[in-house]
Amino acid sequence: RDRRDQPFDPRVPLSRAVSNVICSLVFGHRFDHKDARFDRLMELLNQYTRTSAGAQALNFYPVLRHVPPFRQRMTEVVTCTEEIRSFVVKVIEEHRETFDPNNIRDVIDGFLLEEHQGNRVLSALPEDNIINVIK
């Protein structure tokens, strides 16, 4: 956008740029800044960051999950985590369909190559562990 002579908060464009670099390493492609999936991923990551800090007390005092403000935060964190997980699972499925052991495009393909080669260490990991590494 043209912001000539207008002050603006650089946090949003900088965080989107950094996230896009990370996505290119992990997912093998960068998203267009107007991509609806990328927008949703950024919203989820921002919401997760905001709400997870307040939910950290639950790690030390699990009984707080019954207190309404903490319960609401916990629900938001779980919802964000599930949606981010769903996003990552879709990307992994797309990678499985197009996987070529001679053309490793990104981190996901690296995991798939190890799985394809029968690496016992990685193939013994439940897929949830691989998803957690990526997300």
Side-chain angles (χ1 to χ4, degrees):
R1 293 182 198 158
D2 186 13
R3 293 189 173 104
R4 205 171 303 146
D5 298 328
Q6 297 293 319
F8 73 99
D9 183 359
R11 287 180 291 183
V12 172
L14 284 175
S15 68
R16 292 178 69 86
V18 169
S19 295
N20 224 342
V21 169
I22 294 169
C23 285
S24 71
L25 294 171
V26 175
F27 301 140
H29 70 276
R30 65 176 300 284
F31 292 93
D32 184 82
H33 288 284
K34 295 178 184 175
D35 187 306
R37 287 185 355 162
F38 185 63
D39 286 343
R40 182 64 186 148
L41 181 61
M42 293 302 299
E43 287 173 21
L44 288 168
L45 292 172
N46 288 334
Q47 182 179 359
Y48 179 84
T49 303
R50 280 191 317 270
T51 56
S52 66
Q56 291 300 318
L58 295 170
N59 290 332
F60 300 103
Y61 307 106
V63 73
L64 289 176
R65 70 178 183 262
H66 301 293
V67 177
F70 288 100
R71 182 176 46 231
Q72 179 183 356
R73 283 202 174 129
M74 184 180 75
T75 301
E76 289 176 22
V77 168
V78 168
T79 301
C80 284
T81 302
E82 288 173 352
E83 200 167 336
I84 292 168
R85 183 185 187 288
S86 174
F87 180 88
V88 171
V89 166
K90 286 178 189 172
V91 173
I92 291 173
E93 288 171 2
E94 292 168 5
H95 274 66
R96 283 190 196 284
E97 293 170 4
T98 61
F99 177 68
D100 176 6
N102 298 314
N103 181 24
I104 303 305
R105 304 165 288 190
D106 51 39
V107 172
I108 295 173
D109 277 355
F111 275 111
L112 295 177
L113 177 64
E114 291 297 322
E115 182 182 90
H116 179 73
Q117 293 175 340
N119 182 330
R120 292 183 185 268
V121 174
L122 289 177
S123 62
L125 288 175
E127 188 161 301
D128 281 348
N129 286 352
I130 296 169
I131 291 167
N132 288 334
V133 167
I134 293 169
K135 82 176 183 188

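Atom-to-atom distance recorded for M74:CE and T51:OG1 is 12.0 Å, nearest 0.5 angstrom. Taken to the nearest 0.5 Å, the CE atom of M42 stands 10.5 Å off from the CG atom of L44. Separating the CG atom in D9 from the CG atom in L14 is a distance of 9.0 Å, to the nearest 0.5 Å. Taking OG of S19 as the reference point, atom CG of L41 lies at 7.0 Å (rounded to 0.5 Å). Once rounded to the nearest 0.5 Å, the distance linking CG of N46 with CZ of R50 reads 6.0 Å. We find the SG-CZ distance between C23 and R30 to be 10.0 Å, quoted to the nearest 0.5 Å.
Scored by the side-chain hydrogen bond (donor to acceptor under 3.5 Å, both in side chains) test, R16 finds D39 as partners (sequence neighbours excluded). In terms of the ring-ring contact (aromatic ring centres under 6.0 Å, His included) criterion, residue partners of F38 (sequence neighbours excluded) are, by chain and number, F31. With sequence neighbours excluded, the residues that form a salt bridge (Lys or Arg N to Asp or Glu O under 4.0 Å) with R37 are E94. H33 pairs by the ring-ring contact (aromatic ring centres under 6.0 Å, His included) definition with nothing, not counting sequence neighbours. Here Q47 pairs with nothing under the side-chain hydrogen bond (donor to acceptor under 3.5 Å, both in side chains) rule; sequence neighbours left out.
The heavy-atom pair separating P10 from P13 by the smallest distance is O-CD, 3.3 Å.
One finds no salt bridge joining D32 and K34 here, because no Lys/Arg side-chain nitrogen approaches an Asp/Glu carboxylate oxygen to under 4.0 Å. A salt bridge is defined here as a Lys NZ or Arg NE, NH1 or NH2 lying under 4.0 Å from an Asp or Glu carboxylate O, and E93 with R96 fails to meet this definition.
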task: Would you please test R85 and E82 for salt bridge (Lys or Arg N to Asp or Glu O under 4.0 Å) and show each step?
output: CA-CA 5 Å; R85 183 185 187 288; E82 288 173 352; over 6 Å; no
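Cluster annotation: V67 is not connected to V63 through the hydrophobic network of ILVMFWY side chains, with a link wherever side-chain heavy atoms come within less than 4.5 Å. Under the 4.5 Å side-chain heavy-atom criterion for Ile, Leu, Val, Met, Phe, Trp and Tyr, I22 and I92 are members of the same hydrophobic cluster.
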Could you go through residues 103-110 and list every donor-acceptor pair under 3.5 Å that involves a side-chain atom there, pairing it with any protein atom two or more places apart or in another chain?
{"from": "R105", "atom 1": "NE", "to": "D109", "atom 2": "OD2", "distance (Å)": "2.6"}
{"from": "R105", "atom 1": "NH1", "to": "T98", "atom 2": "OG1", "distance (Å)": "3.0"}
{"from": "R105", "atom 1": "NH2", "to": "T98", "atom 2": "OG1", "distance (Å)": "3.1"}
{"from": "R105", "atom 1": "NH2", "to": "D109", "atom 2": "OD1", "distance (Å)": "3.1"}
{"from": "R105", "atom 1": "NH2", "to": "D109", "atom 2": "OD2", "distance (Å)": "3.2"}
{"from": "D106", "atom 1": "OD1", "to": "H95", "atom 2": "NE2", "distance (Å)": "3.4"}
{"from": "D106", "atom 1": "OD1", "to": "I108", "atom 2": "N", "distance (Å)": "3.1"}
{"from": "D106", "atom 1": "OD1", "to": "D109", "atom 2": "N", "distance (Å)": "2.9"}
{"from": "D106", "atom 1": "OD2", "to": "G28", "atom 2": "N", "distance (Å)": "3.0"}
{"from": "D106", "atom 1": "OD2", "to": "H95", "atom 2": "NE2", "distance (Å)": "2.5"}
{"from": "D109", "atom 1": "OD2", "to": "R105", "atom 2": "N", "distance (Å)": "3.1"}

